[in-house]
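What follows is a single structure, written as structure tokens, with notes after it.
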Amino acid sequence: MNIQDIRQMFPILNQEVNGNPLVYLDSAATSQKPVQVIEALDQYYREYNSNVHRGVHTLGTKATDGYEGAREKVRKFIHAKSTEEIIFTRGTTTALNTVAMSYGHANLSEGDEIVISYMEHHSNIIPWQQVAKHTGATLKYLPLQEDGTISLDDVRQTVTANTKIVSIMQVSNVLGVMNPIKDIAKIAHENDAVMVVDGAQSAPHMKIDVQDLDCDFLAFSGHKMCAPTGIGVLYGKKELLEKMEPVEFGGEMIDFVGLYESTWKELPWKFEGGTPIIAGAIGLGAAIDFLEEIGLDQIEAHEHKLAKYALEKMSTIEGMTIYGPMDPEKRAGLVTFNMDDVHPHDVATVLDAEGIAVRAGHHCAQPLMKWLKASATARASFYLYNTEEDIDKLVNGLVKTKEYFSNVF
Ligand code: 7TS
């Protein structure tokens, strides 16, 4: 499918912002949605909105089929063995918190270690800080190399026989680096630790095979991969999930309720308390169909090309600092940067006047910002609908920003 055909499927892209055609370069925060997803939601609400797993009526059955059908699509998408291993959550944050609160609280105690890295998103830091506080376990940070990558030697040094959990992002939302998850999982397992993967920035952009990676848990968010907000996934190996306690209790997740004791449904429903995220899951199913029709390999290659092009063009601008490895082979589709003497919020504001949307701030990675010695940065992130022309406009916008601020001061 050619890029113009793909763009046509995203109605939001066809608009002007501040008198200029929209250039959307903030997909790492949230992606845009294709008509296929918008129509799946529209159809659900117009034609078969109903609660799931309870009624025998026709709409209820159709909604249940849609919801459980989406679970099977997710299973295939990440090549899990069984739908019992696919739990719908609100997003990556909820998925990681579920692992921390359920697995972490039950299995860790004083003397145990949790290993994360300096590049993690707050969602993959704070839940582990909380586990450490509640259990007396120690939180350890994997160092980063000068270009922001993780070295396996450092993983071997940091992960020890005391390590019970290793939790690492597959792709960094700031540095764009792709971490060697499969190798890290192997080291974790050699030390009898479980491997948790934050897939928020990888699942939308590349093929994931949880069996090949041999990760124990994987978390990701629908809204970054063309699906609606409010839906995400926690994958977990069945043998681990079976032993874990739910973290939310109430309707939907129970089998028998007595006055003082209750029992839970089997997997995956014991982790899905309350009326589930029905429309969101159906939307996620439609997003997966859409992404698979285009092909994850093609999407990854396209973004890789854009990242390479952006690195080349952006590094020609004087006073530009680009964070993360300059080798495009080590990167996914985003570029985080700073311009000398211009605050990233000012960069984003000037670009916005040109119709260009980028994110500025700490990107929910304050420990990484500290490591980078930057209080904030600007970030352009790409997805399947972006073009080299978008990057040309970004570069022109950055040159304008630089000129504007050099005249001001
Ligand atoms: N992990 C990573 C690596 C992320 O990039 C994000 C969101 C999350 C976890 C949390 O996902 P959520 O859907 O539960 O919120 N990252 C960003 C970002 O980079 N800009 O805005 C949100």
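Counting starts at 1 for both ligands and their atoms, following the listed order. By convention here, the first residue in the shown sequence is residue 1. Quick caveat, the model's predicted, so the values are computed rather than measured.
Scanning all protein heavy atoms for the shortest distance to atom 21 (O) of ligand 1 gives Arg359 NH1, 2.8 Å. Counting protein heavy atoms only, atom 1 (N) of ligand 1 is closest to Asp198 OD2, 2.5 Å. Protein heavy atom nearest atom 17 (C) of ligand 1, with residue, atom name and distance: Lys224 NZ, 3.1 Å. With hydrogens left out, the protein atom closest to atom 15 (O) of ligand 1 is Thr93 OG1, 3.7 Å, a heavy atom.
Considering backbone and side-chain N/O atoms, Ser123 never comes within less than 3.5 Å of an N/O atom of ligand 1.
Remark: the backbone N or O of Ala200 is paired with a side-chain donor or acceptor of Asp198 at under 3.5 angstrom.
Not a single heavy atom of Arg90 lies less than 4.0 angstrom from ligand 1. Using a non-hydrogen distance threshold of 4.0 Å, Asn124 does not register as a contact of ligand 1. Not a single heavy atom of His122 sits under 4.0 Å from any atom of ligand 1.
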Could you give me the CA-CA distance, side-chain angles and deciding distance for Phe271 and Trp264, then say whether ring-ring contact (aromatic ring centres under 6.0 Å, His included) is met? CA-CA 9 Å; Phe271 287 104; Trp264 324 138; over 10 Å; no

Using the side chain to side chain donor-acceptor pair (under 3.5 Å) rule, take Ser31 and Tyr385 through it: C-alpha gap first, then chi angles, then the decisive distance, then the call. CA-CA 10 Å; Ser31 74; Tyr385 37 69; 4.9 Å; no

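For the residue pair Tyr323 / Asn338, a side-chain donor-acceptor distance below 3.5 Å is found, with atom types taken as modelled.
Counting heavy atoms of neighbouring residues, nucleotides and ligands inside a 6.0 Å radius, atom NZ of Lys308 does not exceed 12 of them. No more than 12 heavy atoms of other residues, nucleotides or ligands sit less than 6.0 Å from atom CD of Glu318.
Ring geometry, Trp269 versus His53: the interplanar angle exceeds 60°, so the pair is classed perpendicular (tilted spans 30 to 60°).
With ligand atoms numbered from 1 in the order given, ligand 1 contributes 17 (C), 18 (C), 19 (O) to contacts under 4.0 Å with heavy atoms of Ala28.
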